[in-house]
Structures are given as structure tokens and as C-alpha cells.
2 protein chains.
Amino acid sequence: MGTRTDAPSRRAQILKEAARLFAERGFHGVGVDEIGAAVGISGPGLYRHFPGKDAMLAELLVGISGQLLTGGRRRVAAADGGPHAVLDSLIEGHIDFALDDRPLIVLHDRELDRLRDSDRKLVRQLQRQYVELWVEVVCRAYPNLAEPEARACVHAVFGLLNSTPHLGRPGTLPGRGQTADLLHRLARGAFEGAAS
Amino acid sequence: MGTRTDAPSRRAQILKEAARLFAERGFHGVGVDEIGAAVGISGPGLYRHFPGKDAMLAELLVGISGQLLTGGRRRVAAADGGPHAVLDSLIEGHIDFALDDRPLIVLHDRELDRLRDSDRKLVRQLQRQYVELWVEVVCRAYPNLAEPEARACVHAVFGLLNSTPHLGRPGTLPGRGQTADLLHRLARGAFEGAAS
DNA sequence: CCCCAAGGTTAACGACCGCTAACCGTCCTG
DNA sequence: CAGGACGGTTAGCGGTCGTTAACCTTGGGG
């Protein structure tokens, strides 16, 4: 038997609802009773699945950071074109994540400081590796960008791509595909502008 | 006697420290005692200056939104070049704000939902007007962008420019001037990329 | 058939938080 | 020199929050 991939239903459901609530109202703005109510159980029943409220946030943030990193590494490893093609792949992956898991993207750069020291250190390490992955590709694609500049560009483009939650209600923009395309052009253009 | 511009020292000091703390740990993560301690008085002494903790956040957010809007309008009115020059001026103004008042920029798009309904409605209205100001200029500068696309671009570029808090410790990037220049090129490039 | 693990329930505790009450010193002014 | 506005203080109240305790129900296996 594996120690993971057990009991997918309830635990995953709790994490999903907790992510939504944390993203909407902030970690400190959500009570455990509300999280419980969101999954049909109430209050302290959550403690059969998690040792505490902090642990939910920690698991969410570690999960996000890990997913982003491994997804990015996979795309870099699967590169078959030049550095620009690799960068496009990274951008595409990040956009997919931002569009499909908005609450997680919000948490990922808003609620990091609410973690216990050890968890925060781990998440920061994962995030840093993800950034460095991008920085290497950007430096290869735009050789006239120095590394600190490239790092700043990467952070800025993350801010750009993570702006999807601010796009607000749907319907203002045609569809997911076109939104993704627009974001992609924005990100590429930003790098081009920085390197000019 | 004017109803404003009185007692600049203490009140302004409280607002400044409250902004810093709210940005660092979130509105719900900061107690009034900590805000008091940050300005040398302790706890309920704050209630001689503000009716409550909510009022501090409200005043901060209304102030930021108003400053951004009036600053933007001033720059549009003072336009002496084509739409691209106006857009450059808007970008420059927003960068100045983002670099000089990082905590306020953070609050401005993180803690909006913690306000009472009336205050939130006001702030949202100011923010919307600011966005529309940009959208008009962008539509003039890039006529092949439809209005919904232009609006999405503006939000995305805000996300890009507001990423300065993530740049972390200073010293990684040369100086303020070069950071501002890099951000400016990133923003212009993003619009160019979107319009291509 | 019994039992026990899994996953709930409600009650309640201790800590904390926003805020009020009551009080106090210090100027500035009529 | 009285007096009141101003800007502090400490004590404490009411409510909320995360967490624990004690108990209950159900389903599957020796």
C-alpha cells in the first residue's frame, strides 16, 4: 500500500474549498467552521484530516510550488526548439495554471508569510528554483539581459500572468483560449521590450 | 480653519505604519496594539485619531485610489504628444507610485475585500475610473485592440508594474532609476506584444 | 457477533482581539 | 488662574477563533 493517493475524496475536497476561501478572504479571515461548512461537515471535524488550519495552507502552498516547479522542469526537459520555444512553453504552462487554478495562484503570492518558518522556507526554496529555471531560459533567449535584470523581468512577468484573478467576471473577454493567447503575447512582448 | 491638513504628524505616522503592517501581515493579521506600538503609543490610544481599525484601512485605500486617479488624470490632461507619449506618462506615474509606496500598492489590490460595503464601493469606483483612463489611452495608441482586450491588457500591466514588492531585497538590481526604466520597457513591450 | 477504526458530532476552554470606560496629565486660552 | 480640549494611560468586556475532549454512529473483518 502507498502512503499517498489514499482517501482522495474528502481530503482533496477540503483542500479545494479551503483554497477558495483563503483566496477570497485571506487566511486569517476564514474560520475553520466555514471551511467545514463548505464541505458539508462542521467545525472540528476537519481535525480528522488535518492537524490544524496552518497545515491546510502549508499543504496547499507546497503543492502549488511543487507543481509549478515540476511542470516547468518537464517543459524545459522536453524542449525541442531554441530557447525562445522553451520560454514559450514555460509561459504556456504558467498561463494554464493561472487560468485553471486561480485560487491557488492567488494564495501562492499572497499568503506565504502566514506559514510556520519551516514550511515557509521550503515553499520559498521551491519558488526560488522555479524562478531560477525561468531566469536561465530567459538569459539564453535574450543574451543581452544580465542575470539580475532577467530575474526582475521574470518576477514582473509572473505578476502579469498572475493578474488573471483581476480580470473579474467572465464574459468580458471572449473565451479561455483567446485570454490565454492574449496573456502569452503580453508576456512575450514584455521580454522583448526589456531586451531592447 | 480647514477641515483637512490639520495635525499632520501623528495621524499620518499612524497611517504609514498601519500601511506597512497591513501589507506585511494582512489586515486581519495585525492587531491594534501592534499598530500603536509601531508609533510609540499603545493600544486604544489610536481611537483618539480613528474611529476604528476599519477606518484606517478605508482611509488608506481611498487615498491610494484617489491619488492614482488624480495623478493619472493630471498626466492625461498635460499631454503634449501622441497617445503613445500619454501612455508613457501614465506608465511612468504608476511606476513612481509602485516604487515609492510599495506597501500602499500591496494593500491596493490585496485587502480591498476587507472594507465595509460603502467604502469598498467607493474604492472600486475610483479604481474603475483609473482603469478606464488607461483603457481609453491604450485604445487610442493601439487602435487594433478592442476595448475588452485593452482592459485585460491594462489589468495585466498593472500586475506587472505592481510586482515590485516581489523584487525583494534591494541591491539585486542597480538602482531605482534603472529599475524604473526596466519596468517601463517591460510595460511598453507588453502592450506592443498584445497589439501585434 | 464483537470490536475497532474511521469519521463524524457537540460542548467547552483558553487565548486573543477590537473596542469602550474611566481616569489622568498637559497645554492653551479667556 | 480656572477650565476645557487634546492625547494619552490601564482595566476590562464581549465576541470570536483554533483547538481539544468526550461521545456517537457506521461498516467491515477476525
Side-chain angles (χ1 to χ4, degrees), chain A residues 1-22 24-61 107 111 113-120, chain B residues 1-22 24-61 107 111 113-120:
Chain A
M1 72 301 278
T3 64
R4 50 194 156 280
T5 70
D6 297 314
S9 163
R10 245 314 150 46
R11 223 174 122 82
Q13 188 189 8
I14 293 172
L15 284 175
K16 198 181 97 183
E17 295 301 313
R20 184 179 56 81
L21 289 167
F22 289 160
E24 279 175 9
R25 309 219 286 277
F27 178 69
H28 291 300
V30 181
V32 290
D33 290 359
E34 306 178 66
I35 302 174
V39 299
I41 74 182
S42 232
L46 295 169
Y47 287 76
R48 301 286 166 192
H49 304 276
F50 295 91
K53 192 183 160 196
D54 301 343
M56 301 181 206
L57 183 64
E59 189 158 328
L60 282 170
L61 290 184
L107 288 186
E111 308 287 345
D113 299 321
R114 280 72 180 170
L115 262 62
R116 295 204 327 290
D117 281 22
S118 59
D119 294 322
R120 189 172 56 244
Chain B
M1 71 303 275
T3 63
R4 51 193 153 278
T5 72
D6 297 315
S9 161
R10 241 322 149 40
R11 208 152 187 286
Q13 189 189 9
I14 293 172
L15 283 175
K16 198 181 98 181
E17 294 301 313
R20 184 179 57 82
L21 288 167
F22 289 160
E24 279 176 8
R25 310 220 286 277
F27 179 68
H28 290 301
V30 181
V32 291
D33 290 359
E34 305 179 65
I35 303 174
V39 299
I41 74 183
S42 230
L46 296 169
Y47 288 77
R48 299 288 166 191
H49 304 277
F50 295 92
K53 192 183 158 194
D54 301 343
M56 302 182 206
L57 183 65
E59 189 158 328
L60 284 170
L61 291 185
L107 288 186
E111 307 286 345
D113 298 321
R114 279 72 179 169
L115 284 140
R116 296 205 325 288
D117 282 22
S118 59
D119 294 322
R120 188 173 57 243

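Quick caveat, the model's predicted, so the values are computed rather than measured. To find a chain, count down the sequence lines: A is the first, B the second, and so on, and within it residues start at 1.
- For B:D113, the side chain to side chain contact (heavy atoms under 4.5 Å, CB included) test picks out B:R120, B:R124, with sequence neighbours left out.
- A heavy-atom distance below 4.5 Å is not found between the side chains of B:Q13 and B:K16.
- To the nearest 0.5 angstrom, A:L60 atom CG is 11.0 Å from A:I14 atom CD1.
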Could you pull out every donor-acceptor pair under 3.5 Å between side chains of residues 35-57 of chain A and any protein atom, sequence neighbours left out?
unit_1	atom_1	unit_2	atom_2	d
A:K53	NZ	A:F27	O	2.9
A:K53	NZ	A:V30	O	2.9

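- Atom pair B:H49:NE2 and D:dA5:P shows a separation of 17 Å (rounding to whole Å applied).
- Atom CZ in B:F50 sits roughly 16 Å away from atom C1' in C:dG18 (whole-Å rounding).
- Atom-to-atom distance recorded for B:E59:CD and B:D119:CG is 10.0 Å, nearest 0.5 angstrom.
- When rounded to the nearest whole Å, the span between CZ of B:F22 and P of C:dG18 equals 9 Å.
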Nucleotide N/O of nucleotides 18-21 of chain D paired with protein N/O under 3.5 Å:
unit_1	atom_1	unit_2	atom_2	d
D:dG18	OP1	A:V30	O	3.2
D:dG18	OP1	A:K53	NZ	2.4
D:dG18	OP2	A:V32	N	2.9
D:dT19	OP2	A:Y47	OH	2.4
D:dT19	OP2	A:K53	N	2.9
D:dT19	O5'	A:Y47	OH	3.1

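- Distance CG (B:L46) to P (D:dT10): 13 Å, rounded to an integer number of Å.
- Between B:R114 atom CZ and C:dG18 atom P there is a gap of 14 Å when expressed in whole angstrom units.
- Residues forming a salt bridge (Lys or Arg N to Asp or Glu O under 4.0 Å) with B:R114 (at least two apart in sequence, or on another chain): B:E111.
- The distance from atom CZ of B:R11 to atom C1' of D:dG8 is 17 Å, rounded to the nearest whole Å.
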